[in-house]
Amino acid sequence: MTNQAAADLIARSNRLGADPKNTNYAGGNTSAKGTETDPVTGEPVELMWVKGSGGDLGTLTESGLAVLRLDRLRALVDVYPGVDREDEMVAAFDYTLHGKGGAAPSIDTAMHGLVDAAHVDHLHPDSGIAIATAADGEELTQKIFGDKVVWVPWRRPGFQLGLDIADIKAKNPQAIGCILGGHGITAWGDTSEESERNSLWIIDTAAAYIAEHGKADPFGSTLAGYEPLEPAERRAKAAALAATIRGLASHDRPMVGHFTDAPEVLDFLARAEQPRLSALGTSCPDHFLRTKVKPMVLDLPADASIEESVARLKELHEAYRADYQSYYDAHCTPESPAIRGADPLIVLIPGVGMFSYGANKQTARVAGEFYLNAINVMRGAEAISTYSPISDAEKFRIEYWALEEAKLQRMPKPKPHATRIALVTGAASGIGKAIATRLAADGACVVIADLDLEKAQAAASEIGAAFPNSQDVAIGLQANVTDAAAVQRAIDDAVLAFGGIDLVVNNAGLSLSKPLLETTEADWDLQHDVMAKGSFLVSKAAARVLIDQGLGGDIVYISSKNSLFAGPNNIAYSATKADQAHQVRLLAVELGEFGIKVNGINPDGVVRGSGIFASGWGANRAKTYGIEEEDLGKFYAQRTILKREVLPENVANAVIVLTGPELSHTTGLHIPVDAGVAAAFLR
């Protein structure tokens with residue numbers, strides 16, 4: 001980057017966006033004006049660099065900026081058709097762009113371009129929005145800031161708001177910024193440093209005023225019985241409710257979930273004013289676009305039983321959907337986009353915490369962060385005044401805005417396994433790791449469950465490294481599949497990490513290559529504990545989640561060619577693989593009524609990357625066949641019909657097909673992935 005104004009803008013944006021007290025994720029925008037040489041005329045040209053649509057200040061780079069010619073942008077004032085047609089101006093911004101590339105201009109572009117200041121910041125700080133949503137926000141603005149900050153009555157973001165702020169700046173030369181009613185703040189300066197300093201002064205001054213003058217208990221008294229449960233107890237209750245809640249939140253379309261028991265959430269849920277404030281909903285557009293206009297709140301004390309809580313949640317869900325439909329019907333017009341779903345995105349459980357939902361883990365996590373922002377806003381507004389968000393009619397105008405709909409329509413088509421949450425056992429290496437990697441690439445969230453926690457976390461980090469937000473793609477958990485309690489802990493951790501489970505791959509295993517007379521009772525028990533019993537324990541614990549969700553699901557067993565083929569010197573291994581193969585058939589019959597498919601894969605000769613082969617099985621099999629261990633893969637390939645070596649990725653591909661949309665009506669099937677072994681043909 002050669003332009004100093006743009007470089008300073010990015011540095012300022014990153015500093016402001018790095019601190020959540022200044023703005024929420026992907027919220028707000030910043031700009032800088034400067035001069036470049038026009039490559040066509042060779043003459044200086046005034047430009048504006050502004051954060052584009054959809055970007056995040058904390059991670060903003062040059063590619064996230066839109067670059068516009070100021071003369072053309074300002075000339076749009078002369079063709080502005082009025083507030084009733086201001087949406088047309090967004091398309092007009094494209095005709096003011098300088099050069100090619102960069103981000104698309106956002107709806108707030110006019111706010112930056114029309115204001116006569118070299119640098120402008122528009123932010124969504126909790127303290128600023130608290131003033132913006134206070135019932136007497138205008139009076140508080142004058143009282144707190146004097147004439148340095150000017151109140152702007154609520155107006156939907158757009159060209160007219162840019163004109164309004166430009167007019168305020170012109171008429172109030174002493175002002176450094178505005179409080180935007182119901183929305184946020186805007187500040188400006190002659191230099192990047194001055195704009196940043198002014199933004200922070202408004203944010204910190206508002207926070208200091210609330211801290212000094214606010215009520216001690218803005219959310220009211222504590223409700224007996226609604227206090228937070230002890231950490232272990234609330235985590236256990238959250239895990240027990242997670243699947244049911246995700247199923248409710250996914251009534252219209254599948255969702256990924258996120259859970260938090262942050263102190264601010266737990267305190268809010270324990271207070272007397274929570275029901276009133278929750279019903280009012282959020283105010284800042286960035287908030288309710290992520291959280292819906294209001295949350296669904298369980299109206300039972302913290303010690304309510306799981307059964308009672310589940311029953312009440314289902315009743316509340318029906319009421320929530322009816323209420324949202326009424327909200328849509330009351331405000332829609334013939335031009336409104338179709339309703340996008342009536343399920344809650346935020347579900348609050350007193351004493352336990354908050355579940356938030358989205359089309360992927362990042363969206364779900366950010367939705368929760370936004371509602372936490374909303375709680376902070378309500379606390380601040382109630383501390384010094386009364387929380388008074390914008391009306392439902394105005395919320396609807398934003399939520400079902402044609403421009404918002406167009407943005408949604410531009411989003412890329414989801415991958416086949418998007419919104420699916422997969423748990424793969426024995427996934428720190430070999431076949432399991434290949435399966436987890438392939439599922440993540442196909443859009444799934446993956447849980448790497450392995451006996452070795454360090455290796456599981458390393459594998460999760462490696463898989464996640466290919467994505468912008470690695471923690472939202474893969475996690476590593478320790479799981480001893482022979483221990484029912486350990487399996488349940490892994491399942492609980494998985495549902496709290498991603499909201500639920502859709503897909504389970506029973507891959508954990510080991511192998512001891514011995515003839516009958518050398519196979520000990522301990523050998524036999526170990527093989528069966530890990531693979532037969534382990535698969536049973538994992539399937540049983542996961543099935544409870546799948547059934548409670550009511551979303552169907554998949555269980556896949558990585559069995560073996562040896563479940564059918566009677567090879568030499570592996571009595572314990574082959575017998576337990578046959579056990580797994582029959583579990584597939586039994587569970588397919590039993591779980592089919594819940595829409596849960598159960599299928600198996602029979603690999604053979606997967607040498608490369610295999611933990612089993614590396615741990616001694618390979619050496620033993622090579623000895624059995626009278627060959628060198630390094631030649632084992634080639635040996636297996638030559639005995640196949642296709643003369644091809646089988647790789648972990650070949651097994652992963654079979655998992656993708658079995659659990660994807662193409663085989664949605666297939667259950668109880670075993671797919672051979674062995675390059676063709678006639679003796680193991682299914683009959």
Side-chain angles (χ1 to χ4, degrees), residues 6 8-33 48-61 64-66 90 103-115 117 119-133 149 152 154-158 161-162 164-165 176-189 192 194-207 282-291 366-367 369-374 376-377 380 390 398 403-404 407:
D8 291 345
L9 169 64
I10 289 177
R12 175 174 102 237
S13 302
N14 293 163
R15 287 192 297 270
L16 289 171
D19 191 338
K21 81 177 178 62
N22 298 330
T23 199
N24 41 255
Y25 175 83
N29 31 71
T30 51
S31 67
K33 301 179 180 75
M48 179 178 74
W49 293 263
V50 60
K51 193 204 86 170
S53 179
D56 172 55
L57 290 176
T59 56
L60 183 67
T61 62
L65 296 174
V90 175
S106 77
I107 189 66
D108 288 320
T109 298
M111 180 193 303
H112 294 269
L114 302 182
V115 171
H119 300 266
V120 178
D121 299 329
H122 169 56
L123 303 170
H124 300 148
D126 294 346
S127 62
I129 305 174
I131 309 301
T133 57
V149 178
V152 180
W154 161 259
R155 184 184 290 280
R156 189 175 65 167
L161 181 59
D164 292 348
I165 297 176
I176 63 168
C178 299
I179 296 290
L180 309 182
H183 186 168
I185 74 166
T186 296
W188 48 76
S192 185
E194 185 181 32
S195 185
E196 182 176 0
R197 187 166 60 248
N198 289 341
S199 293
L200 294 175
W201 183 82
I202 295 173
I203 294 167
D204 293 341
T205 300
T282 54
S283 184
C284 176
D286 267 26
H287 291 183
F288 61 75
L289 283 174
R290 302 271 190 161
T291 66
V366 170
E369 292 171 3
F370 273 59
Y371 198 78
L372 184 56
N373 290 134
N376 293 335
V377 166
I390 63 174
I398 297 253
L403 296 178
E404 183 65 25
K407 184 192 298 185

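Nearest heavy-atom pair across A103 and A66 is O-CB, 3.3 Å. Here the closest non-hydrogen pair linking G184 and A132 is N-CB, 4.3 Å. Across every non-hydrogen atom of N14 and G58, the tightest pair is ND2-O, 3.5 Å. Smallest separation of non-hydrogen atoms from S192 and D8: OG-O, 3.6 Å. Here the closest non-hydrogen pair linking G27 and H124 is CA-ND1, 3.8 Å. The two atoms that bring P285 and W154 nearest to each other are CG-CH2, 3.9 Å, heavy atoms only.
Scanning for side chain to side chain donor-acceptor pair (under 3.5 Å) contacts around E404 gives an empty result, with sequence neighbours left out. Remark: A110 engages F93, L114, F159 in a side-chain contact (heavy atoms from CB on, under 4.5 Å) (not counting sequence neighbours). In this structure, the side-chain contact (heavy atoms from CB on, under 4.5 Å) partners of T186, at least two apart in sequence or on a different chain, are M111, V120, H122, I165, L180, W188. In this view, R12 and D121 satisfy the salt bridge (Lys or Arg N to Asp or Glu O under 4.0 Å) rule, not counting sequence neighbours. In this view, D126 and N373, N376, V377 satisfy the side-chain contact (heavy atoms from CB on, under 4.5 Å) rule, not counting sequence neighbours. With sequence neighbours excluded, no residue satisfies ring-ring contact (aromatic ring centres under 6.0 Å, His included) with H112. Residues passing the ring-ring contact (aromatic ring centres under 6.0 Å, His included) test with H287 are F370, sequence neighbours excluded. In this structure T30 satisfies the side chain to side chain donor-acceptor pair (under 3.5 Å) test together with S13, sequence neighbours excluded. Residues satisfying the salt bridge (Lys or Arg N to Asp or Glu O under 4.0 Å) test with D56, not counting sequence neighbours, are none. In this view, A206 and S127, I131, F145 satisfy the side-chain contact (heavy atoms from CB on, under 4.5 Å) rule, not counting sequence neighbours. Annotation: salt bridge (Lys or Arg N to Asp or Glu O under 4.0 Å) contacts of R15 (sequence neighbours excluded): E196.
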Does L57 form a side-chain contact (heavy atoms from CB on, under 4.5 Å) with L123? I'd like the steps, not just the answer. CA-CA 10 Å; L57 290 176; L123 303 170; 3.6 Å; yes
With side-chain contact (heavy atoms from CB on, under 4.5 Å) as the test, would you mind laying out the steps for H119 and L9 before giving the verdict? CA-CA 8 Å; H119 300 266; L9 169 64; 5.7 Å; no
Step by step, work out the side-chain contact (heavy atoms from CB on, under 4.5 Å) result for R290 and V366. CA-CA 8 Å; R290 302 271 190 161; V366 170; 3.7 Å; yes
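T291 OG1 to L372 CG: the interatomic distance, rounded to the nearest 0.5 Å, is 12.0 Å. Put simply, CD1 on I129 and OG on S283 are 8.0 Å apart, with the number rounded to the nearest 0.5 Å. Here the CG atom belonging to L200 is positioned 5.5 Å from the CG atom belonging to N22, to the nearest 0.5 angstrom. Atom-to-atom distance recorded for I390:CD1 and F288:CZ is 4.0 Å, nearest 0.5 angstrom. The distance from the CG atom of N24 to the SG atom of C284 is 6.0 Å, given to the nearest 0.5 Å.
A donor-acceptor distance shorter than 3.5 angstrom exists from the side chain of T109 to the backbone of S106, with no hydrogens or angles considered.
Applying the salt bridge (charged side-chain N to carboxylate O under 4.0 Å, His left out) definition to pairs two or more places apart or across chains, those involving residues 19-29 are K21-D204.
The shortest distance between side-chain heavy atoms of P125 and I185 falls below 4.5 Å.
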